[in-house]
Amino acid sequence: MTNNLNGQNSNQGSIANNAQQLTLALSKGRIFEETLPLLEAAGIKVMENPETSRKLILPTNDPDVRVIVVRASDVPTYVQYGAADFGVAGKDVLLEHGGESLYQPIDLNIAKCRMSVAVRDGFDYASAVRQGARLRVVTKYVQTAREHFAAKGVHVDLIKLYGSMELGPLVGLADAIVDLVSTGSTLRANHLVEVEQIMEISSRLVVNQAALKLKRERLLPILAAFEKASQALA
Ligand code: PRT
Ligand code: MG
């Protein structure tokens, strides 16, 4: 009886610990790199580098916090289904995902860029739009592009690509691209010019709704540290 009770107690103890374990979803590359200082502000250090490790689950110095490494566009999915409690994703990705079910408390002011329309150097975008021509546009961001052109009353045929959008206008697949621009050097290298800025982009913290209630005590101090550190980047 005593043994049983002890067994139950220690079990409950470990379940209670697990219930407070936090999983953070990040993508490799700029989001991982730029989230590290925010994590450090919350006292969390990731113990392995995803660029050199093949592991998809990375431990941190806090035994209750782990990082999972996923594709940038998969971050909202992991958080939505609660496989990750929180994550970091670009506004571009969140708009395509349709982020209504995700709580987005903080603009982290990291991985900043803009979403723009670009065309081949020499293509007269303004008069094509004025004449009501039907534009062919390649993009990974079909939802955002559709809304942008609809709001302007521009008729477009949108063609979804998964990468290297810059090639589209060069090989006659499209008149224009909708893509992210930061320094502009990718556009320049491919003889494309930015003709319209659609919106500013930065990465947001996204939090699973259930985790926010059930793991509130663990999450809130981290959220507060992220918010403070990201305000300094605004
Ligand atoms: O690369 P992968 O296909 O795995 O996924 P991903 O491209 O979504 O991930 P990643 O890590 O490249 O981008 C993650 C997030 O970073 C994006 O969702 C954006 O919110 C943000 N971000 C910030 C950018 C850029 N800046 C950026 N410059 N994402 C992509 N780019 C690309 C852009 O698409 C273009 O090809 O960089 C090129 C333009 O850069 P410049 O400097 O030449 O203008
Ligand atoms: Mg990329």
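Counting starts at 1 for both ligands and their atoms, following the listed order. These numbers were taken from a predicted model, which means no experiment stands behind them. Computed over heavy atoms, backbone and side chain alike; hydrogens, waters and symmetry mates excluded.
For Lys91, no heavy-atom contact with ligand 1 is shorter than 4.0 Å. Looking at Arg71 against ligand 1, only its side chain comes within 4.0 Å, counting heavy atoms. Heavy atoms of Ser182 found under 4.0 angstrom from ligand 1 belong to the backbone as well as the side chain.
Near Asp92, the atoms of ligand 1 lying under 4.0 angstrom from a non-hydrogen atom of the residue are 17 (C), 18 (O), 19 (C), 20 (O). Listed by number with element, the atoms of ligand 1 under 4.0 angstrom from any heavy atom of Thr183 are 41 (P), 42 (O), 43 (O), 44 (O). Against a heavy-atom cut-off of under 4.0 Å, Val181 is close to the following atoms of ligand 1: 44 (O). For ligand 1, the atoms sitting less than 4.0 Å from at least one non-hydrogen atom of Val93 are 18 (O), numbered in the order shown with element in parentheses. Close approach to Lys140 involves these atoms of ligand 1, each under 4.0 Å from a residue heavy atom: 6 (P), 7 (O), 8 (O). Remark: ligand 1 atoms within the under-4.0 Å shell around heavy atoms of Lys28 are 11 (O). Close approach of ligand 1 to Ile201 is summarised as follows: ligand atoms under 4.0 Å from at least one heavy atom of the residue are 20 (O). Every atom of ligand 1 with a heavy atom of Ile31 under 4.0 Å away is listed here by number and element: 14 (C), 15 (C).
The number of heavy-atom neighbours closer than 6.0 Å to NZ of Lys45, taken from other residues, nucleotides and ligands shown, is 12 or below. The environment of OH in Tyr78 is sparse: at most 12 heavy-atom neighbours from other residues, nucleotides or ligands sit within 6.0 Å. For CZ of Arg134, the number of neighbouring non-hydrogen atoms (other residues, nucleotides, ligands) closer than 6.0 Å is greater than 12.
Taking a 4.0 Å cut-off on heavy atoms, Met165 fails to register as neighbouring ligand 1. Heavy atoms of Ala72 approach ligand 1 to within less than 4.0 angstrom. Residue contacts with ligand 1 leave out Ser73, since none of its heavy atoms falls under 4.0 Å from the ligand.
When only interatomic distances are considered, the shortest N/O to N/O separation between Thr186 and ligand 1 falls below 3.5 Å. The shortest N/O to N/O separation between Gly184 and ligand 1 falls below 3.5 Å.
Using a distance-only test at 3.5 Å, with no hydrogens or angles considered, a donor-acceptor pair links the side chain of Asn61 to the main chain of Gly43. Between the side chain of Asn49 and the main chain of Glu51, a donor-acceptor pair closer than 3.5 Å is present.
We find the NE2-CG distance between His97 and Asp92 to be 13.0 Å, quoted to the nearest 0.5 Å. Within the model, atoms CD of Glu200 and NZ of Lys112 stand 9.0 Å from one another, a figure rounded to the nearest 0.5 Å. The structure places OG1 of Thr139 at 7.0 Å from CD of Glu96, a figure rounded to the nearest 0.5 Å. For the atom pair CD (Glu40) and OG1 (Thr35), the distance works out to 12.0 Å, reported to the nearest 0.5 Å. For the atom pair CE of Met199 and CG of Leu180, the computed distance is 10.0 Å after rounding to the nearest 0.5 Å. In this structure, CD1 on Ile106 lies 11.5 Å from CD on Gln104, to the nearest 0.5 angstrom.
Nearest-residue assignment for atom 21 (C) of ligand 1 (options Ala111, Ser164, Gly29, Ser203; heavy-atom criterion): Ala111. The heavy atom nearest to atom 22 (N) of ligand 1, considering only Arg204, Glu96, Arg30, Arg114, is found in Arg30. Nearest-heavy-atom check against atom 35 (C) of ligand 1 across Leu180, Val75, Asn190 picks out Leu180.
Salt bridge annotation for Arg218-Asp62: present, with a cationic side-chain nitrogen under 4.0 angstrom from a carboxylate oxygen.
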